[in-house]
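Some notes on the structure that comes next.
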Amino acid sequence: MPDTFFTEAPHWQWWIIWYFFIGGIGGGSYAIAALLHIFGEPEDRPIVRLGYYIALPSIIVSGILLTLDLTRPERFYHMLVQSKTFVPAFKYWSPMSVGSWGITLFGLFAFLSTVGALAETGRLPWSGLSRLNQGTLGLVINLAGGLCGFFVAGYTGVLLSVTNRPLWSDTPLLGLLFLLSAFSTAAALLLLVGRRRAQPESLEWLSQIDSWALILELVVLGAVILSVGTVVAREVLFNAWGVLLLVGVVLAGILVPLLLHWRPRLLGAASPLGAAALVLLGGFILRVVMLLSSEAV
Amino acid sequence: MAEPMGFFTDTTVCIGCKACEVACKEWNQLPATGGGVNTLSGDSYDNTRRLDGQTWRHVKFIEQFDESRQQSRWLMMSDVCKHCVQAGCLEVCPTGAIIRTEFDTVVIQSDVCNGCRACISACPFGVIDINPVNGTAMKCTLCYDRMQAGLTPACAQACPTQSIQFGPISELRARAEARVQQLHEQGETRAYIYGDESILGGLNSFYLLVDEPEVYGLPSNPKLPSRNTAPAASLSAAGAAALGLLGLVSLRKRRMDRLAADRKVAATEEGGESDA
Ligand code: SF4
């Protein structure tokens, strides 16, 4: 028996799946927005702003879900400061500690960018605040926020790997897998929500990078299965979870959307919508399978 | 720092009386599981089944019968937190609730723990769980309170066969070696020590076993969760860099294509004018 089979499951609650999904979308949306802010054109602005608008509520919901998962939720701040002295607590070698700080910082940047975007469109009375998204200040915020976004998108997989549980700790690739999936689901959501207000060029670019992320995700998913070894794969995934992974993630969540990106006329006008919806569904199922298949052992 | 202290558990003399389990519960004021209503495991005389937040000692019964049920062997082992010198639980704890004491033991401070449960899946031995009474992660403290007062931990005190021995690690190691030697001389050549320095820097609660670790439900090569931190983090960072680069290149290409198209339009317009 592999050594990871002698350990206990942490029994994180089912809403942690939603956290993995929503947090990933939040981080990915901001990362995409930051890329478009730094390297894109003025006509990409609607998607940039939408990215911020998705990131902020996502990370707030994530924080709530995470707090509710603690068995002592009222002590959530112990993650950030020492409980008696209130001196900041940071353990760079503990993914849970780094993650708590990452989420907090990301929330800050998402907030600043959202305020900037609201000011930019005149929805806040203080138009000066739009400077948060302009010039050097805007660049710095977007760079830092984008890095935090990537971090939030990927650290959850690292956190799973830094355990002793079957599947999770049998591969170092889960962080990368979650990162790619977060990026693809975020692009899909931006496509879905932004299709009315965005320029066709922005949408086309989104669907392009979504395809790239999906292809990379497929490759990494294959590598995950290979890297865990036959015994773990047999014990953890050679069952209904494996079927769900194949049908829900590989087929419905990756291959069909890729086909729809490649042949957009397959479903007529509904193709881009269908593809985006399937990517989101696949991203969710990926997290369901990765979390629950291991907990079931 | 005081001398490293720990347990040496000689499983060959354990009689499965569970005095240690009871003594542990009494001293640490841990409630009976299931409100004292006994449920039977159904496939073993071991009805404790596992270590958890309210059971910090667990006498494992390994009941082995052959097909004909003529031959049988019972192994007994009082399981407990291993107080690893390199402890997975301690590494991953984000709040600092898990500490190493002056006795080189590992203790969870329940007034700090917020129940994130990272330690549960980090422990290579499945020792920790949440105690539903106070909602924090709990496990054996090696009777930190008793040790500070110079007392022997409750379980070792109660053990009638001295299967559980308490003392300074150096002394216990010597005693364990002598015992293995003695058993080998008596013909029990399978006897060996589980938990020397080759495992996680040494387990401060180590065992004398007479079969493979897996038979006792122990991993043969337990590892630290942090073995994955650097590779997993670097791979993710590489992925983020790749996606960033992909964004940069694709957006640059889009701009170039557009400029080229604009130039072409301008050129044909000019060409059209000169034609006219
Ligand atoms: S056995 Fe588990 S709970 Fe005990 S110190 Fe080692 S890692 Fe921590």
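A, B, ... follow the sequence lines: proteins, then strands. Residue 1 opens every chain. Any value given below was found using the heavy atoms of this structure, including those in side chains, with hydrogens, waters and symmetry copies removed.
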Using a cut-off of under 4.5 Å on heavy-atom pairs, state which of [options] scores highest against chain B.
{"options": "V162(A), L159(A), L176(A)", "answer": "V162(A)"}
{"options": "E74(A), H11(A), E204(A)", "answer": "H11(A)"}
{"options": "R165(A), M1(A), E41(A)", "answer": "E41(A)"}
{"options": "A34(A), A213(A), P172(A)", "answer": "P172(A)"}
{"options": "W12(A), W168(A), F178(A), F76(A)", "answer": "W12(A)"}

Search all heavy atoms of [X] against all heavy atoms of [Y] and return the closest pair with its distance.
{"X": "L35(A)", "Y": "G247(B)", "value": "CD1-CA, 4.1 Å"}
{"X": "G40(A)", "Y": "R255(B)", "value": "O-NH2, 3.3 Å"}
{"X": "S250(B)", "Y": "Q208(A)", "value": "CB-OE1, 4.2 Å"}
{"X": "Q13(A)", "Y": "R117(B)", "value": "N-NH2, 3.8 Å"}
{"X": "S83(A)", "Y": "V112(B)", "value": "OG-CG2, 3.8 Å"}
{"X": "S236(B)", "Y": "V158(A)", "value": "OG-CG2, 3.5 Å"}

Report the distance from atom [atom1] of [X] to atom [atom2] of [Y], rounding to the nearest 0.5 Å.
{"X": "S202(A)", "Y": "R254(B)", "atom1": "OG", "atom2": "CZ", "result": "5.5 Å"}
{"X": "N114(B)", "Y": "Y77(A)", "atom1": "CG", "atom2": "OH", "result": "9.5 Å"}
{"X": "T7(A)", "Y": "I120(B)", "atom1": "OG1", "atom2": "CD1", "result": "11.0 Å"}
{"X": "L235(B)", "Y": "T171(A)", "atom1": "CG", "atom2": "OG1", "result": "8.5 Å"}
{"X": "E43(A)", "Y": "R258(B)", "atom1": "CD", "atom2": "CZ", "result": "4.5 Å"}

Side chains of S169(A) and R227(B): closer than 4.5 Å at any heavy-atom pair? yes
Set of residues satisfying salt bridge (Lys or Arg N to Asp or Glu O under 4.0 Å) with respect to D43(B), sequence neighbours excluded: none
Can you confirm whether more than 12 heavy atoms, excluding those of W212(A), are under 6.0 Å from its CH2 atom?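 Counting other residues, nucleotides and ligands, CH2 of W212(A) stays at 12 neighbours or fewer.
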Q64(B) atom CD: more than 12 heavy-atom contacts under 6.0 Å: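 Above 12, so yes.
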L36(A) portion near chain B, given a 4.5 angstrom heavy-atom threshold: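 Both the backbone and the side chain of L36(A) come within 4.5 Å of chain B.
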Below 4.5 Å from any heavy atom of chain B, which atoms of F150(A) appear? Answer side chain, backbone, both or neither. side chain
May I have the step-by-step check of side chain to side chain contact (heavy atoms under 4.5 Å, CB included) for L243(B) and L180(A), ending in yes or no? CA-CA 8 Å; L243(B) 287 174; L180(A) 293 168; 4.0 Å; yes
Atom group of C93(B) that falls short of 4.5 Å from chain A, counting heavy atoms: both
With a 4.5 angstrom heavy-atom cut-off, which part of P222(B) approaches chain A: side chain, backbone, both or neither?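 Contact with chain A involves the backbone of P222(B) alone.
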Contact leader toward chain A among [options], where contacts are heavy-atom pairs under 4.5 Å:
{"options": "G88(B), A97(B), C123(B), G126(B)", "value": "G126(B)"}
{"options": "A240(B), G244(B), G239(B)", "value": "A240(B)"}
{"options": "V92(B), L246(B), N221(B)", "value": "N221(B)"}
{"options": "T136(B), N134(B), D52(B)", "value": "N134(B)"}
{"options": "A233(B), P124(B), A118(B), P231(B)", "value": "P124(B)"}
{"options": "V127(B), I130(B), L218(B), L51(B)", "value": "L218(B)"}

If we ignore hydrogens and angles and just use 3.5 Å, is the side chain of [X] paired with the main-chain N or O of [Y] as donor and acceptor?
{"X": "K91(A)", "Y": "G96(B)", "answer": "no"}
{"X": "N164(A)", "Y": "K223(B)", "answer": "yes"}
{"X": "R75(A)", "Y": "G115(B)", "answer": "no"}
{"X": "N228(B)", "Y": "S161(A)", "answer": "yes"}

Output every pair passing ring pair (Phe, Tyr, Trp, His ring centres under 6.0 Å) with a member in residues 220-242 of chain B, not counting sequence neighbours, ordered by first then second residue.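 Those involving residues 220-242 of chain B do not exist here.
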Would R50(B) and E8(A) pass as an ion pair if we require N to O under 4.0 Å?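 Between E8(A) and R50(B) there is a salt bridge, with a charged N closer than 4.0 Å to a carboxylate O.
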Polar side chain donor-acceptor pair, W93(A) to T229(B), under 3.5 angstrom: no
